Amino acid sequence: MAKEKIVEIIERAVMKAKAYSDLKIETVPEITLERPREKAHGDWASNIALVLAGQAKLPPKQVADIIIKYLDDKQHFLEKVEVPPAGFINFYLSKDWLYSGLKEIEQKGTKFGHSSAIKENVLIEFVSANPVGPMHIGHGRWAVVGDVLARVMEAAGYLVTREFYINDFGLQMQIFGKSVAARYSQLLGKDVSFPEDGYQGEYVKDIAREIIKDESDKYLSMSSSERADIFRETAYVEVLDYIKEILSKIEVFFDSWFSESVLHKNGDIEETINFLSEKGYVYHKEGAVWLKTSDFGDDKDRVLVRGNGELTYFAADIAYHRNKLERGFRKLINIWGADHHGYVKRVKAAIKLLGYDKGSLEIIIGQLVNLLRSGEPVRMSKRTGEMVTLDELVDEVGKDAVRFLFLMRNTDSSLDFDIELAKTRTNENPVYYVKYAHARICSIINFAKGQGVPLLTTDRVKLDLLADESELDLIRKMLELEEVVERAASERTPHILTKYALDLATAFHSFYTRCRVVGEDKDLSLSRMVLVNSARVVLANTLSLLGVEAPF
RNA sequence: GCGCUCGUAGCUCAGCUGGAUAGAGCAACGGAUUUCUAAUCCGUUGGUCGGGGGUUCGAAUCCCUCCGGGCGCGCCA
């Protein structure tokens with residue numbers, strides 16, 4: 001990438017200036033380059049002169065002027081270098097450098113934008129919806145965020161495992177089993193009461209109907225608790241299958257499904273408690289067993305074993321995280337709904353009590369989605385069961401719109417999702433704006449081929465004919481992909497990819513209105529074919545990372 | 001009450017771990033296009049970055065405080 005090369009050039013220049021005592025400085029700080037906000041400030045800018053001004057006892061502008069005297073651009077990356085009064089050093093990439101980018105795109109193809117660097121192995125745990133009912137829209141957002149984060153991190157060189165933690169143990173499951181059992185009896189004409197805190201949704205009846213269809217009334221003779229136990233298992237498998245089905249509809253797949261009840265069966269939780277106990281972090285109080293999480297940043301200590309002898313969810317969660325770390329993952333990333341953010345401190349404290357580094361667990365808090373229809377809020381009530389499920393949303397607006405629009409905002413801020421907007425096929429809808437750019441490129445390439453303008457390799461066309469500002473801007477934008485992927489991965493911000501896709505589409509559309517691919521000048525047409533095809537490749541790669549189809 | 005989080009243009013939001021005159025999109029207004037898909041492009045208007053204080057060469061960004069919104073504060077999961 002151009003960035004590293006420029007950093008190198010600056011570094012050498014500063015060292016030389018120091019060696020020749022032109023700059024009287026002690027140490028050479030790390031050189032950082034940034035993308036100037038203003039296009040007029042070049043492709044890259046360095047604030048090194050501002051940083052060194054204090055040390056050198058000279059105004060920034062003078063320091064910058066000294067440094068650029070020593071810049072040695074042997075390979076001709078740079079068109080020019082400028083120092084504005086503020087003392088920044090602005091670098092303008094040469095056209096040749098941009099053209100060589102087109103060659104790189106040709107060579108790397110679908111791998112352009114990906115990095116070959118090998119980084120640490122990470123486990124991303126996300127969605128982890130309780131298997132007791134349909135997924136809501138928020139689950140969908142967190143699913144997409146986790147999935148694209150995984151894709152982007154893979155592209156950036158991380159070894160990623162995607163895991164779904166199944167909360168198939170505990171009170172919620174019991175209630176769920178009872179709810180199904182009650183509906184089962186009711187549907188068979190028995191006058192039984194429905195559990196007070198039971199699951200109201202229509203889907204519970206559906207599951208009961210399913211059981212009746214398959215096995216009729218054979219469970220009626222059992223005691224109600226026996227029946228609830230059996231139905232808990234049947235129903236849970238059914239709901240889990242349903243969850244998997246919806247996830248596959250939005251193309252979110254997991255490498256691993258981890259069951260909470262397995263931790264209970266294996267005795268992993270007791271073992272973890274013993275482990276913590278031996279380290280002296282566990283104590284008894286008021287009939288319960290407590291963990292000293294407050295020693296490591298939690299607001300208060302937490303219960304591991306309740307007075308009635310039952311393990312808490314927290315105890316299981318510690319064992320789960322220990323298990324993850326023992327599987328050899330150096331970095332754990334959890335994506336949790338906003339309603340769990342009060343839980344963050346205690347889990348992080350537990351990680352430290354287990355003896356692992358604080359940084360080994362990162363928790364991304366996902367905010368909710370506000371559903372709108374033509375600007376009006378869609379009213380939802382959990383109590384009455386009146387809500388739009390993820391399933392229904394995907395059926396109405398389609399996978400691509402759901403995925404793209406869920407990634408339009410930072411994960412930790414809430415997001416407005418307008419159902420009608422998501423369905424429109426105009427430029428107001430960002431998804432179609434981007435997809436259209438791809439379709440238009442494909443159409444141009446087909447048209448051109450029909451007019452006798454073939455797509456040749458870069459070494460057979462005159463790239464230096466690509467000189468219009470819109471053409472160079474388009475190339476510049478294409479060459480940003482790797483940097484965007486890198487940043488999205490390292491900062492865990494997959495949503496910046498949608499912004500990039502929009503910018504790239506805009507750069508292409510600008511080019512389109514200014515320049516014709518098929519024209520009088522045959523050489524120029526051939527060069528532009530290479531250009532638009534490169535744009536197609538980069539746009540397709542971007543959409544692929546987002547999990548959105550690139551139409552022809 | 002305590003904790004987390006957010007507050008940037010009329011609306012929806014970026015702002016890359018402190019840099020240049022705070023940027024997009026939508027809306028409003030004004031233009032372009034003899035076209036390879038009008039699902040397009042270009043321009044203009046619009047800001048006390050919630051208020052106040054501090055840190056320094058330099059703050060939307062870091063710290064403190066106040067105001068306002070969201071969420072969380074169980075021997076629930």
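These numbers come from the heavy atoms of this one structure, side chains and all, not from hydrogens, waters or symmetry mates. In what follows, every chain begins at residue 1, and chains take the letters A, B, ... in the order their sequences are listed. In this text, all values refer to a predicted model and were calculated from it rather than measured experimentally.
Across all strands, A:S443 comes closer than 4.0 Å to base atoms (heavy-atom distances). Among the protein residues, A:N410 comes within range of the sugar-phosphate backbone only, with heavy atoms under 4.0 Å from sugar or phosphate atoms but none that close to a base. Heavy atoms of A:E491 sit under 4.0 angstrom from primed sugar atoms or phosphate atoms, though from no base atom.
Under the Watson-Crick or G-U wobble criterion, with both distances below 3.5 Å, B:C36 is left unpaired in every strand shown. With a 3.5 Å ceiling on both atom-pair distances, the Watson-Crick or G-U wobble partner of B:C41 is B:G31.
Within the 4.0 Å cut-off from OP1 or OP2 of B:A32, not a single side-chain nitrogen or oxygen of A:T513 is found.
Stacking is not found between A:Y343 and the pyrimidine-like six-membered ring of the B:G72 base under the 5.5 Å centre-distance and 30° plane-angle cut-offs. Stacking is found between A:H340 and the pyrimidine-like six-membered ring of the B:A77 base under the 5.5 Å centre-distance and 30° plane-angle cut-offs.
With B:C16, B:A14, B:A77 as the candidates, the nucleotide lying closest to the side chain of A:Y313 is B:A77. Side-chain proximity of A:N90 to B:U35, B:G19, B:A20: nearest is B:A20.
Aromatic pair A:W44/A:F91: centroids not less than 6.0 angstrom apart. In summary, the aromatic rings of A:Y165 and A:Y320 are positioned with their centroids under 6.0 Å apart.
Only the C1' atoms considered, B:U8 is 14 Å distant from B:G46, to the nearest whole Å. Nucleotides B:A22 and B:A9 have their C1' atoms positioned 11 Å apart, rounded to a whole Å. Taking atom C1' on both B:U21 and B:G47, the two are 13 Å apart, rounded to the nearest angstrom. Only the P atoms considered, B:U33 is 48 Å distant from B:G52, to the nearest whole Å. When the P atom is used for both B:C76 and B:G15, the distance is 40 Å, rounded to whole Å.
No option in A:F126, A:Y343, A:W142 other than A:Y343 meets the ring pair (Phe, Tyr, Trp, His ring centres under 6.0 Å) test with A:W336.
Evaluation of atom-type donor-acceptor distances gives no pair under 3.5 Å for the side chain of A:D339 against the base of B:G72. Scanning atom types as modelled, one donor and one acceptor separated by under 3.5 angstrom connect the side chain of A:H341 and the base of B:C71.
Within 6.0 Å of the CD atom in A:E4, the count of heavy atoms belonging to other residues, nucleotides or ligands exceeds 12.
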